[in-house]
Amino acid sequence: MRALIALGGNAMTAPDGTATVEAQREAIGTAAARIAELVATGTDVVVTHGNGPQVGNLLVKNELTAHVVPMVPLDWCGAQTQGTLGYTLTTCLDDALTAQGIDRRAAALVTRTVVDADDPDFLQPSKPVGRFLPEAEAQRFVAEGQNWQDRGDKGWRRVVPSPQPREIVDAPAVLALVESGFVVVAAGGGGIPVVRGEDGSLTGVEAVIDKDLGAALLGRLVHADVLVIATDVDNAVIGWGTPDARPLGRVTVGEMRDIAAEGHFASGSMGPKVEAALRFAEQGGCSIITSLDRIRDAVAAVAEHVQGAGAGDGADLVGTVIVPEPAPATV
């Protein structure tokens, strides 16, 4: 099996969202231990991760030091966080693999993701980033060409484009590293957003990419059998926060599309995870949404399910597992 593990922001910071260096190291160490347990089963693993809190911190530094040093654009912020989190993840993964007695090492790759220059989100930015500011302070950055929106009592917040990922430039390098035996960390934050010119050249843009949508694309390009979206709940849930709440187990792509269309998954939380899981499963793989502590058992259960040609009702599966539609019966 080859699995792509998409770590959510909760795996990069303390449970209360604290993003100190110490808190991040501790959280990443915990995530690395769970990933090493999966590698110990013989699974090839590629890891991608969110970077929202880390990019947010860099944006605050931009704002506070703009009068002293030049501000850096969002693509640079993405590259910097890929480097820092890649360094920390690979160090923690190496330690965790050694603790498991596994003679494999981790490698991190700074990864670029191509987006369309004419993506509609460039005209109507939708992704809030960074901290809230009073209007007077926000207007200073509006004057410099940034988009800020009034968010009511909390203040003003910057919004940036979140275009769709179309191509992961460095996917062949990721694939080569995986096939050489490395546990690879790549496409952090969905990848560094770039657009391709008519001459083939790449230029960074002020945008952020949804890391789960980036993971779905990367998983397909590196021939992953399963995409695991690790989050802070064991399952995706229908009717979240209501007396009728019900965790989802095994569902087909079509069933999950219907459930999502009913509005069960919020756009700012579970919605993008479900969409990413669907995109991957539509290409023939299996997608899992579950908690970090359950990823080893979740992948093992899917492997057994696949080897059994999908026999049974999937009651033995772990987490929410989205499977492709069954092939039409042949006559």
Side-chain angles (χ1 to χ4, degrees), residues 1-9 44-52 55 74-75 78-79 81-82 85-86 89 107-122 126-127 160-179 183-196 200 202-205 207-231 253 256-257 260 265 267 270-289 299 322-324:
M1 291 285 284
R2 178 170 295 167
L4 193 144
I5 310 297
L7 298 175
D44 287 337
V45 174
V46 179
V47 182
T48 189
H49 58 82
N51 63 352
V55 168
L74 274 169
D75 55 320
T81 56
Q82 280 192 7
L85 291 172
L89 271 163
L109 189 69
V110 173
T111 314
R112 298 157 293 175
T113 299
V114 175
V115 300
D116 289 339
D118 58 355
D119 188 292
D121 223 65
F122 282 111
S126 61
K127 178 68 174 177
V160 300
S162 184
Q164 295 291 309
R166 299 300 182 190
E167 172 192 350
I168 295 182
V169 178
D170 305 289
V174 177
L175 184 58
L177 286 167
V178 175
E179 295 184 343
V183 178
V184 186
V185 180
I192 303 164
V194 296
V195 295
R196 191 182 297 280
L202 299 174
T203 304
V205 289
V208 295
I209 299 168
D210 182 89
K211 64 94 179 168
D212 292 314
L213 297 183
L217 177 58
L218 179 62
R220 177 164 57 84
L221 296 176
V222 300
H223 313 311
D225 302 291
V226 59
L227 168 66
V228 183
I229 299 178
T231 183
V253 167
M256 197 62 157
R257 281 283 179 205
F265 308 116
S267 60
M270 188 58 71
K273 295 175 174 59
V274 169
E275 177 59 30
L278 282 165
R279 291 187 188 186
F280 183 80
E282 284 170 342
Q283 298 295 321
C286 289
S287 297
I288 305 169
I289 300 173
V299 173
I322 303 174
V323 299

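Keep in mind that this is a model prediction, so the values were computed, not measured. Both backbone and side-chain heavy atoms feed into the values below; hydrogens, waters and symmetry mates do not.
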(message) With a 4.5 Å cut-off on side-chain heavy atoms, are Val178 and His223 touching?
(response) no
(message) Quick one, Asn51 and Lys211 - any side-chain contact, counting heavy atoms below 4.5 Å?
(response) no
(message) Please report the interatomic distance NZ(Lys273) to CG(Leu227), rounded to the nearest 0.5 Å.
(response) 12.0 Å
(message) When you compare the side chain of Ile209 with that of Leu213, does any pair of heavy atoms fall below 4.5 Å?
(response) no
(request) List the atom of Gly191, the atom of Thr113, and the distance in Å for their closest heavy-atom pair. (result) CA-OG1, 3.3 Å
(message) Given 3.5 Å as the limit, does a donor-acceptor pair link the side chain of Ser162 with the main chain of Val208, or not?
(response) yes
(request) Please name the pair of heavy atoms, one in Phe122 and one in Ala207, separated by the smallest distance, quoted to 0.1 Å. (result) CE2-CB, 4.1 Å
(request) Grab the two heavy atoms, one from Pro324 and one from Val253, that are nearest each other, plus how far apart they are. (result) CA-CG2, 4.1 Å
(request) Check for a donor-acceptor pair, side chain of Thr203 on one end and backbone N or O of Val195 on the other, with a separation under 3.5 Å. (result) no
(message) I want to check something: taking the side chain as every heavy atom from C-beta on, are Ile322 and Leu278 in contact at a cut-off of under 4.5 Å?
(response) yes
(request) Using the side chain to side chain contact (heavy atoms under 4.5 Å, CB included) rule, take Leu7 and Leu89 through it: C-alpha gap first, then chi angles, then the decisive distance, then the call. (result) CA-CA 11 Å; Leu7 298 175; Leu89 271 163; 4.1 Å; yes
(message) Going by side-chain hydrogen bond (donor to acceptor under 3.5 Å, both in side chains), name the pairs with one or both residues in residues 164-178, residues two or more places apart or in two chains.
(response) Arg112-Asp170, Asp116-Arg166, Gln164-Arg279, Glu167-Arg196
(request) Over all heavy atoms of both residues, which pair between Ile229 and Ala276 is shortest? Give the atoms and the distance, please. (result) CD1-CB, 4.1 Å
(request) Would you mind telling me which of Leu4, Val45, Val47, Ile288 makes a side-chain contact (heavy atoms from CB on, under 4.5 Å) with Val228? (result) Ile288
(message) Could you check whether any side-chain heavy atom of Val194 comes within less than 4.5 Å of a side-chain heavy atom of Asp75, counting everything from C-beta outward?
(response) no
(request) Any chance you could lay out the side chain to side chain contact (heavy atoms under 4.5 Å, CB included) test for Leu175 and Arg2, step after step, and finish with the verdict? (result) CA-CA 11 Å; Leu175 184 58; Arg2 178 170 295 167; 3.5 Å; yes
(request) Indicate the atoms forming the closest heavy-atom contact of Phe280 with Arg220, along with that distance. (result) CE1-N, 3.8 Å
(message) Donor-acceptor check, side chain of Gln82 to backbone of Thr111, threshold 3.5 angstrom: yes or no?
(response) yes
(message) Determine whether a donor-acceptor pair (N or O, by modelled atom type, separation under 3.5 Å) exists between the side chain of Thr81 and the backbone of Val55.
(response) no
(message) Give me the atom names and distance for the closest heavy-atom approach of Ala171 to Val222.
(response) O-CG1, 4.2 Å
(message) Could you check whether any side-chain heavy atom of Arg257 comes within less than 4.5 Å of a side-chain heavy atom of Glu275, counting everything from C-beta outward?
(response) yes
